[in-house]
Amino acid sequence: MPFRHSLRRLWALDKFGYSLRVFIALAGVMALCAGFRRPDLVIPLFLGIIASALAETDDSWLGRLSALAVILPCFAVAAFAVEWLFPYPGLFVAGLACSAFGLVMLGALGERYAAIASATLILSIYSMIGVDQRNGVIEDFWHEPLMLLAGAAWYGALSVLWSALFAHQPVQQNLARLYRELGLYLKLKSRLLEPLRQLDVEGRRLELARQNGKVVSALNVAKETLLNRIGNGRPGPKVNPYLKLYFMAQDIHERASSSHSPYNALAEAFFHSDVLYRCQRLLKLQANACRELGQAIQMRQPFDYGDASAQAMLDLQASLDYLERQNNPAWRGLLRALRALSNNLTTLERQLASANNPDALAEEQDSSLLDRAPHSFKDALERIRLQLTPTSLLFRHALRMALALAAGYGVLHAVHAEQGYWILLTTVFVCQPNYGATRTKLVQRILGTAIGLVAGWALFDLFPNPLLQSAFAVFAGVLFFATRTSRYTLATAAITLMVLFCFNQVGNGYGLIWPRLVDTLLGSLIAALAVFLILPDWQGRRLNAVVANTLSCNSRYLRQIMLQYATGKRDDLAYRLARRNAHNADAALSTTLSNMLMEPGHFRKDAETGFRFLALSHTLLSYLSALGAHRESLPEDASNRPLEAAGEQFAETLESLAQALLQGTPVALQSDAEEALAGQLEQIPDELDDTHRLVQTELGLICRQLAPLRSMVAHLLAARPVSRSPGRGA
């Protein structure tokens, strides 16, 4: 039974299916070549498999079949173009640069097209390696491309078959990851409720903002996975439970992001009470429940919520009741905030308790998902056209890649590098859209290559048997795909080992060790120089535009929330899109600041201001989330119009701050009208109903955030007077 459980856990791992497909493809090719005594076919077939696997993205079996119908012609054109142009260096380098630029620009159409384009570029370099191995002889020019295409088609067929047999496994894995990230977010959020005086709220909010980026990423991946299964139709009975769990995760995220009062004020007022500990304990239990739900989804097992959270909920209610009986006037506003927090936790409790039966969850009024993929050839061309500007990050990356590959081709001819096309391959893998990512990749690539070469040298002596070396080549190839997105150093070491063992099947693997190391160093140097010198994307120069986008998205989110209070709660696509864009912008700001820390000192001088703004922005987003989590129709009342006017005023203020950052216009450090309005919102009449009271309280908290936001915007404008929008590539 434990062995069976271990197998089930292994099968549930998100990398296991991918690795198993690669293993079957590589082992099948190795066995076929051994059976026909054709070790010379191992290298092109392996390289074709690798290129096809790199082009793979999540999709239904029909989507993967359609993608394969695009991949194979792209690969064929690239491979035969290399064969035909190879004898003509001038035409070859021009074709290489133009194709690299065009292929990178295809990334404007989405992740699927970006993966196909990147894999096509990599396969073209694999073709160069094959031609170079023949010393440029053009006899049988069709042989190498056909072998590459055969390997790609073999893996593509496996991928389509796998997707047809296990269509919903990626959905389960991505939902499981989403709930794990949500669980960690709830755990970090519970730390803000710790009743400590002088608690470092800003530091903990920054940590929470970074985790929020991971939750947002998991939400986006899960949405795309579901969209690939649903398409333009209605969700089927097998997908519908997963769709409901996804919408439940969205709601949990909004409620977990909520803040109902400044945490330092709560800690100061209730320092001698256990109420905050009760809130913290319940939130931790719900965090554990989210992680356990993720595991249950991944393992396809029933989810048992248990009774501990229900008892913790009762204890919290008892603690709140006791404090309210004290009838302390100083606590009145803060107790209302705690009661709103308790209501939020009660809703979370109810949702998690029903998660074992997703069909019992409330039906969504609008279950549509936004499909960002182009829907026509005209739409695709328009997206690419909009990116053809130096302000576009994608355009800059495409230009850098084209010039870097042209420079690499010139270097390998100038120094007559042995196995010189590894220079180009290293450049493709190391050259990333920004300096920080390139620097990280460069170090990992060089270190991984060195480790792989040393390991290969040792294994050649220890295991000279060709059969064992074939097994090592297959294992190394599988290890590369299992670790390439999470442990790139290990992945590079693995692919280096695979190359050494494959080449040793047809010649002298020892002779590849030093050329591979030198070529890696040269390719890494070219990539680093390209990112540093050719239209560099210094994150500090983009900071104003990224901050402006954050403010604009928060403004649109606030407008959607206030519209829902006017018309009634409805989780329609417009509201969910505004909410997701606000969180995406928050995550993008966090990523930008993290990348800034890896740049040279001069370009990260505004990083401290940026992180202070991130803490303020995340606090603002938490107040917006609280408004969104409790939204419902406001009862008809004379106070509706002032609240609606206040919400619109704050949205306009956020938008005006965003425009000031983009246009470089000065902003006032303080607004007497806003200060007066904040005071009015904080004066809440006792007879006001709970819904009006909550809206007025949260709007008051939002109003108090505007002054420090103005100060941060003014500081950014003083440091960098004008910051133009980098276009849709941002």
Side-chain angles (χ1 to χ4, degrees), residues 178-196 199 201 204-205 207-208 211-212 215 245 248-296 303-326 331 333-356 361 622-623 625-630 690 694 697-698:
L178 170 57
Y179 276 97
R180 286 196 300 270
E181 298 294 356
L182 269 177
L184 183 53
Y185 186 87
L186 287 170
K187 182 179 178 181
L188 293 175
K189 187 62 181 280
S190 71
R191 296 180 61 210
L192 286 171
L193 293 169
E194 203 164 357
L196 296 175
L199 179 69
V201 173
R204 296 193 178 187
R205 278 203 179 277
E207 189 177 8
L208 196 63
Q211 178 58 27
N212 186 60
V215 175
L245 286 171
M248 189 180 88
Q250 279 193 322
D251 193 62
I252 290 175
H253 182 220
E254 184 171 54
R255 293 183 181 280
S257 304
S258 302
S259 291
H260 300 84
S261 186
Y263 293 105
N264 282 332
L266 292 173
E268 185 67 31
F270 303 112
F271 185 78
H272 298 289
S273 169
D274 68 348
V275 67
L276 291 181
Y277 279 118
R278 299 289 184 191
C279 293
Q280 187 182 46
R281 181 172 183 272
L282 180 57
L283 204 51
K284 284 182 177 179
L285 288 171
Q286 291 173 342
N288 292 335
C290 281
R291 291 198 297 270
E292 290 168 4
L293 175 57
Q295 185 176 8
F303 170 61
D304 182 16
Y305 188 47
D307 300 325
S309 291
Q311 184 58 50
M313 190 80 247
L314 292 174
D315 293 341
L316 172 58
Q317 297 296 342
S319 184
L320 275 171
D321 292 342
Y322 175 79
L323 289 174
E324 287 176 344
R325 287 197 298 271
Q326 305 306 305
W331 293 351
L334 293 174
L335 279 174
R336 289 179 185 133
L338 282 178
R339 184 61 72 181
L341 172 60
S342 171
N343 293 338
N344 219 7
L345 294 175
T346 301
T347 303
L348 286 179
E349 181 79 6
R350 186 168 57 251
Q351 289 176 320
L352 289 169
S354 61
N356 191 41
L361 294 171
S622 69
Y623 295 148
S625 296
L627 268 179
H630 297 282
D690 289 342
L694 184 138
T697 300
E698 294 297 332

For a quick test of reading the model, state the closest non-hydrogen atom pair linking Ala629 to Arg255 and the distance between them. O-NH2, 3.1 Å
Which pair of non-hydrogen atoms, one from Leu285 and one from Ser309, has the smallest distance, and what is that distance? CB-OG, 3.4 Å
Leu341 vs Leu193 side-chain heavy atoms within contact, under 4.5 Å: yes
When rounded to the nearest 0.5 angstrom, what is the spacing between CG in Leu293 and CG in Asn356? 8.5 Å
Taking side chain to side chain donor-acceptor pair (under 3.5 Å) as the criterion, tell me which of Gln286, Arg291, Lys284 meets it with Asn288. Arg291
Rounded distance [0.5 Å steps], CG in Asp251 versus CD in Gln351: 4.5 Å
Would you check if Asp315 and Leu282 make a side-chain contact, meaning some heavy-atom pair closer than 4.5 Å? no
Quick one about Gln317 and Asp321 (side-chain donor to acceptor, distance below 3.5 Å, no hydrogens or angles considered), yes or no? no
Quick one: pull up OH in Tyr277 and CZ in Arg281 and give me the separation to the nearest 0.5 Å. 14.0 Å
Closest non-hydrogen atoms of Leu245 and Tyr179, given as atom of the first, atom of the second and distance, are O-OH, 2.6 Å
Separation of Met313 CE from Leu348 CG (nearest 0.5 Å): 9.5 Å
Backbone N or O of Ser342 within a donor-acceptor pair of the Thr346 side chain at under 3.5 Å? yes
Excluding sequence neighbours, so at least two apart, what forms ring-ring contact (aromatic ring centres under 6.0 Å, His included) with Tyr305? none
Quick one: does Asn212's side chain get under 4.5 Å of His253's, heavy atoms only? yes
Considering non-hydrogen atoms only, spot the tightest contact between Ala265 and Leu334 and give its length. O-CD1, 3.9 Å
Separation of Leu192 CG from Arg205 CZ (nearest 0.5 Å): 5.5 Å
Can you tell if the side chain of Arg336 reaches within under 4.5 Å of the side chain of Thr697, non-hydrogen atoms only? no
List the atom of Ala296, the atom of Phe303, and the distance in Å for their closest heavy-atom pair. CB-CB, 4.0 Å
Step by step, work out the side chain to side chain contact (heavy atoms under 4.5 Å, CB included) result for Arg204 and Leu188. CA-CA 8 Å; Arg204 296 193 178 187; Leu188 293 175; over 6 Å; no
Given 3.5 Å as the limit, does a donor-acceptor pair link the side chain of Ser258 with the main chain of Ser625, or not? yes
Side-chain contact, heavy-atom cut-off 4.5 Å: Leu335 with Gln326? no
Between the side chain of Gln211 and the main-chain N/O of Glu181, is any donor-acceptor distance below 3.5 Å? yes
For the pair Leu338 and Leu316, evaluate side chain to side chain contact (heavy atoms under 4.5 Å, CB included) and give the outcome as yes or no after the intermediate values. CA-CA 10 Å; Leu338 282 178; Leu316 172 58; over 6 Å; no
How far does CG of Leu276 sit from CG of Leu283, to the nearest 0.5 angstrom? 12.0 Å
Minimum heavy-atom separation for Glu324 and Arg339, please, with both atom names. OE1-NH2, 2.9 Å
